[in-house]
Amino acid sequence: MKYISTRGNAPVLTFEEAMLTGLARDGGLYVPESIPKMSSADIIGLAGLSYEEIALRVIQPFVGDSFSEAELISSISNAYAGFSHNARAPLVQLGANHHLLELFHGPTLAFKDFAMQLIGQLFQRALNRRGERVTIVGATSGDTGSAAIEAFKGLDTADIFILFPNGKISDVQRRQMTTPVETNVHAIAVEGTFDTCQAMLKDMFNDFEFRDGVRLAGVNSINWARVLAQVVYYFSSAVALGAPHREVSFTVPTGNFGDIFAGYIAKRMGLPIDRLVIATNQNDILHRAITTGRYDTSIVEPTITPSMDIQVSSNFERALFDAYDRDGYAITRLMGELKQGGFGIEEEALLTLQKYFDSGRATEKETSRVIKSMFDSNGEVLCPHTAVGVKVANENLSRTPMITLATAHPAKFPDAVEASVGKRPVLPSWLADLFDRSERLTEMPNDLQLMKTLVRERIKI
Ligand SMILES: *Cc1c(COP(=O)(O)O)cnc(C)c1O
């Protein structure tokens, strides 16, 4: 399997190379040259398998010969061994035709663990084999960073630097990044928003001298291997509810479009998905794009769903690439226009996107109201991001079973949950002493040069 860039002007890579690189050298995102298909019989064959066995069948066709079957089996097994639920991604029924897919039973209590734990394993294998060491730099709106640090801390093949917007993430999220004692972990609090951090990250990747000098590697949600790992739970949950004999729909709380893009890949592979519903908070660039065809950035407003406080949705480029019939020049042009503030999606491409995606948004009030009403009606305590999904899913219910992705554990966002239900969600026992551990972080202005100097000094290059 080969990987090509959405901007059509970067080297074609193997799965392993695309995973280790992250962002393509032309500024684009790597996508598989073609999408492997699973037949109805293949999908029927997933019934009754464990999460790990389903993962192997879904992931293997995309990996080609980058990893042997035995390597994949062992990496998948190690990745999910630390999850606190045997089903890994259990379904819980919310209403007659509405299910929650709980994706928060990993070590940092958000769905990011599904991908990050697996790529931690795959990075280590690949780098050990090559005898190489890399510098991982990531930007986070909160959950990516903690999941990445958890997956890479203590590895001797990588240093990991995580940039997060100072003061704009929850205390639990920050502490998960600042309390690990391993010296290869570097938590950096940047003055600005998530988009500031993401722009800095992109600039570091686009400075090839720096990029090659420090052997930069990216594990943000633009990393194809992360998207791929997330495809698995679309299959496991749909099969549990009767696929391929019965279609299902998904509602996905979205910021960077990574998680829902994994659902799109599942559908392209042949999983019978009826609707894929994008759920945004009031930072609703994706909802506006799907409904109006204008992809225009605006100011990021901080919300109680910080992991979705994003106005430049990186993975959307992958969906655009397909909607524009994989025309890298068209995507390069659009991304140029985005730098000036936005672009209009061509009519035909917009129709293609609307064929796959519906969308909705939730205001702060609506999100709190859903947390309260779910708690009052069936005792279910939702994290605010999940509540955005449930609000939008409720507007899209039909005869097809709806699966809403529960993206984080409520205890990761205790203030917002307590404000809605009057009760503070408790952390699982293994994180109970999080607030007693000491923190270690570096504060930084929005200054690219200073950031590069810091990275070089820390890794001594
Ligand atoms: C990252 C995250 C999201 C958004 O996911 P994307 O892949 O960026 O769309 C939603 N909810 C939570 C809790 C997250 O951590």
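Both counts, for ligands and for their atoms, begin at 1 and track the order of listing. Values below: every heavy atom of this structure, side chains too, minus hydrogens, waters and symmetry copies.
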Interfacing atoms of ligand 1 (cut-off 4.0 Å, heavy-atom, [X]):
X	answer
Pro253	4 (C), 10 (C)
Asp259	7 (O)
Gly258	6 (P), 7 (O), 9 (O)
Ala408	13 (C)

Starting from [atom], locate the nearest protein heavy atom and write down its residue, its atom name and how far away it is, to 0.1 Å.
atom	value
atom 9 (O) of ligand 1	Gly255 N, 2.9 Å
atom 12 (C) of ligand 1	Thr407 OG1, 3.4 Å
atom 15 (O) of ligand 1	Asp143 OD2, 2.4 Å

Answer with yes or no whether Ser221 contacts ligand 1, where contact means a heavy atom under 4.0 Å from a ligand atom.
->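 Distance cut 4.0 Å: Ser221 fails for ligand 1.
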So, does Phe111 sit close enough to ligand 1 that a heavy atom of it is under 4.0 Å from the ligand?
-> yes
Less than 3.5 Å apart, any donor N or O on the side chain of [X] or [Y] sitting next to an acceptor on the other?
X	Y	value
Arg226	Asn223	no
Glu16	Ser66	no
Thr108	Gln176	no
Asn446	Thr196	no
Ser75	Arg125	yes

Considering only heavy atoms from C-beta outward, does the side chain of Val185 approach that of Arg440 to under 4.5 Å?
->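 Yes, side chains in contact.
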Using a 4.5 Å cut-off on heavy atoms from C-beta on, say whether the side chain of Ser359 contacts that of Thr280.
->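 Side-chain contact under 4.5 Å: no.
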State whether the shortest distance between N or O atoms of Asn256 and N or O atoms of ligand 1 falls below 3.5 angstrom.
->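 Yes; at least one N/O pair falls below 3.5 Å.
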Please find out if less than 6.0 Å separates the ring center of Tyr80 from that of Phe83.
->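 Yes: the rings meet the under 6.0 Å criterion.
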Please confirm whether Phe114 and Tyr51 have ring centers closer than 6.0 angstrom.
->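 Yes.
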So which bit of Met308 gets within less than 4.0 Å of ligand 1, heavy atoms only: side chain, backbone, both or neither?
-> side chain
Per-residue contact class, Phe257 against ligand 1 - non-hydrogen pairs under 4.0 Å = backbone
Have a look at His385, Lys112, His409 and point out the one with the heavy atom closest to atom 2 (C) of ligand 1.
->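 Going through His385, Lys112, His409 one by one, Lys112 has the nearest heavy atom to atom 2 (C) of ligand 1.
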